[in-house]
Amino acid sequence: MSLPQRKIAGGIAAVAGALLTPLPLCRIGCTADWLLFGPTVAVMASALFFLFRIGDIRDVARDFSFLVTGFLYVPLLLAHLLLLRYEPFGSQWIFLIMAIVMAGDTGAYYVGSAIGKHKLYPVVSPNKSIEGAVGGLAGSVTGALIARATFFPQLTIVDAVATALLLGVLGQLGDLFESLLKRSFGVKDSGSIIPGHGGVLDRLDSILFAAPAAFYYARFIFFHR
């Protein structure tokens with residue numbers, strides 16, 4: 001596929017992703033099966049696009065993977081925030097995610113800057129340290145306990161610590177995965193829309209991995225005691 005075609009396909013994928021993100025709202029008045037409709041159509045449409053627009057056949061698998069990743073990576077994972085919002089205590093769960101992720105980021109930064117000596121995963125993110133990662137988990141636990149003491153008293157101590165460790169670990173892995181994507185494309189930031197902070201994806205990378213974990217913890221553990 002030529003460069004102009006890739007740009008067109010990328011634009012279509014971006015629009016499709018934006019349209020897929022609010023699909024979980026259909027769960028209010030539709031059956032769960034409806035939620036599969038959007039992603040299914042998007043994948044099939046992408047497959048047919050490549051089937052009938054073959055350029056260099058050796059590039060098809062790579063380009064198709066890029067396209068599908070474009071409208072599933074962010075929309076599919078981020079949509080769990082909408083699903084979570086309409087669960088009992090939905091607002092509290094969303095603020096809990098923010099508290100865990102933000103406190104984890106803060107703890108990782110300050111501990112890593114102060115005493116970080118051992119590299120965590122230098123091939124992906126050379127500035128992150130094991131000490132920073134541990135500090136991040138400590139920050140996540142602190143954030144969850146503060147959330148429990150302030151706006152989410154329905155959490156038990158076990159819930160607070162368990163969700164903090166689960167979301168804290170996955171949030172850091174989401175950050176590393178986004179760094180991996182940036183390194184693979186040879187860019188420093190995912191965009192320039194937020195000066196000094198990189199792109200929007202740089203602000204969402206941890207939440208993308210934490211949101212599904214929070215939803216499934218709430219759905220299958222928190223609500224089934």
Side-chain angles (χ1 to χ4, degrees), residues 1-27 30-84 101 119-128 167 169-194 197-216:
M1 186 162 51
S2 65
L3 182 59
Q5 288 176 326
R6 286 177 181 169
K7 290 184 176 180
I8 293 173
I12 293 173
V15 172
L19 294 175
L20 287 174
T21 302
L23 271 182
L25 294 176
C26 289
R27 68 190 298 273
C30 307
T31 64
D33 293 339
W34 178 254
L35 298 180
L36 295 175
F37 177 76
T40 300
V41 170
V43 172
M44 292 178 64
S46 299
L48 294 175
F49 173 83
F50 282 98
L51 179 62
F52 296 110
R53 295 292 298 247
I54 298 175
D56 188 338
I57 200 168
R58 295 170 297 181
D59 294 337
V60 170
R62 180 199 63 190
D63 291 340
F64 177 73
S65 299
F66 286 165
L67 192 64
V68 172
T69 300
F71 60 70
L72 289 184
Y73 170 44
V74 174
L76 179 64
L77 300 182
L78 195 62
H80 286 81
L81 285 180
L82 289 174
L83 290 171
L84 190 58
V101 169
K119 298 299 182 182
L120 178 65
Y121 203 171
V123 69
V124 171
S125 186
N127 294 326
K128 288 184 171 60
L167 273 60
V169 169
L170 287 173
Q172 292 190 36
L173 292 175
D175 189 6
L176 285 171
F177 178 71
E178 199 255 349
S179 295
L180 174 65
L181 291 180
K182 290 190 295 185
R183 279 197 166 274
S184 71
F185 284 104
V187 297
K188 182 179 182 295
D189 297 319
S190 63
S192 58
I193 194 172
I194 309 176
H197 293 271
V200 174
L201 188 57
D202 289 300
R203 300 298 92 201
L204 291 176
D205 49 12
S206 297
I207 295 173
L208 289 176
F209 275 40
F215 172 75
Y216 294 114

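- Residues Tyr73 and Glu178 have side chains in contact (heavy-atom distance under 4.5 Å, counting atoms from C-beta outward).
- Here Ile207 contributes atom CD1 and Leu77 contributes atom CG; the two are 12.0 Å apart, rounded to the nearest 0.5 Å.
- Distance check, rounded to the nearest 0.5 Å: CG of Leu173 to CZ of Phe209 gives 7.0 Å.
- Closest heavy-atom contact between Phe64 and Ala47: CE1-N, 3.5 Å.
- Of the possible donor and acceptor atoms, none in the side chain of Lys128 sits under 3.5 Å from a partner among the backbone N and O of Tyr121.
- Shown here are the side-chain contact (heavy atoms from CB on, under 4.5 Å) partners of Tyr216, two or more places apart in sequence or in another chain: His80, Pro212, Phe220.
- Put simply, the side chain of Arg183 reaches to within 4.5 Å of the side chain of Pro126, judged on heavy atoms.
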key: Chi angles and distances behind the side chain to side chain contact (heavy atoms under 4.5 Å, CB included) call for Leu208, Phe177   = CA-CA 11 Å; Leu208 289 176; Phe177 178 71; over 6 Å; no
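- A 4.5 Å side-chain heavy-atom check between Asp205 and Leu181 finds every atom pair outside the cut-off.
- The minimum heavy-atom distance between Phe50 and Leu67, with the atom names listed, is CE1-CD2, 3.5 Å.
- Contacts of Leu48 classified as side-chain contact (heavy atoms from CB on, under 4.5 Å), with partners at least two apart in sequence or in another chain: Leu51, Phe52.
- Of all heavy-atom pairs spanning Leu120 and Pro122, the tightest one is C-CD, 3.9 Å.
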